[in-house]
Amino acid sequence: MPGQFKTEAVVLRTFRYGEADRILHLYTAERGRVGAIAKGVRRVKSRFGGRLEPLFRVNLVLHQGRGELCTVTQAETVAAHPALRERRDSLERASQACDAVLRLLDSEEPNPPAYNLLCRELQLLDQDPGAATRAHALAFRLKLLLAAGFAPELAACATCGDREHVGGFSASAGGVVCPGCEAGSFPLGGEAHEFLVTALGRPLSEAPDADPAALRQADRAIAETLEHHAHVRLRRVA
Ligand SMILES: [Zn+2]
């Protein structure tokens with residue numbers, strides 16, 4: 001439906017377009033993924049200033065015409081996250097988070113848990129240099145899987161329901177598996193399993209840590225779940 005609408009959004013990615021414009025890939029609170037054009041934004045005296053850069057959280061007024069792209073008519077900063085841009089690790093983790101949202105959540109359906117999770121992740125990375133860890137990045141990805149409806153089964157064997165003897169992970173089965181159902185699985189140790197359960201159950205600010213071998217297993221479980229169920233391939237974090 002053509003017309004104007006307001007929404008809060010995170011700028012995920014931008015491309016230069018024409019002489020002075022920029023195409024924006026936005027993740028919005030109200031409408032999920034939205035593509036927009038910001039006209040004249042690359043001019044020195046642009047009324048948008050520097051607000052339409054990646055990782056900005058902004059309040060926008062968008063105009064939807066007949067084309068695929070909305071046009072930005074107003075933009076106001078909610079959070080610029082200046083501190084994370086100063087730290088290479090934090091910046092890299094923030095870019096990974098935006099990339100994961102870009103790849104995993106491509107519909108125009110609003111998804112408030114995913115939107116809030118992304119905002120929280122950018123806020124944490126901005127406020128706390130210690131949040132730019134592999135463990136934290138994995139916790140974010142796992143929670144994003146949950147928000148997108150692809151969380152793996154972790155409480156019991158995904159095939160037979162056995163709660164006692166799970167020791168493997170199978171994306172095609174949908175989560176952890178027992179020795180009797182382990183075809184196509186890889187070994188998932190107790191620490192990796194515990195990491196996944198705890199990361200899913202806690203707020204992002206209290207994401208657990210684990211040793212590198214456990215994190216690699218957790219990373220593989222998350223990556224294979226993404227590939228198998230969402231057909232999305234992300235660069236590994238651990
Ligand atoms: Zn089983």
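Just so you know, residue 1 is the first one in the sequence shown, and it goes up from there. Ligands are counted one by one from 1 in listed order, and the atoms in each one are counted from 1 as well. Since the structure is predicted, the reported quantities are computational estimates derived from the model, not experimental observations.
Proximity of a side-chain donor or acceptor of S95 to a complementary backbone N or O of L91 within less than 3.5 Å is detected. Distance alone, capped at 3.5 Å, is enough to place a donor-acceptor pair between the H81 side chain and the L55 backbone. Judged by distance alone, the side chain of R16 and the main-chain N or O of R22 form no donor-acceptor pair under 3.5 Å.
Counting only protein N, O or S atoms, 4 lie closer than 2.8 Å to the Zn ion (ligand 1).
Using a 4.5 Å cut-off between side-chain heavy atoms of Ile, Leu, Val, Met, Phe, Trp and Tyr, I23 falls into a hydrophobic cluster with F15, Y17, I37, L69.
R120 and Q123 share a donor-acceptor pair across their side chains, judged by distance under 3.5 Å alone. At a cut-off of 3.5 Å, with distance as the only test, a side-chain donor of E121 or H136 sits close to an acceptor on the other residue.
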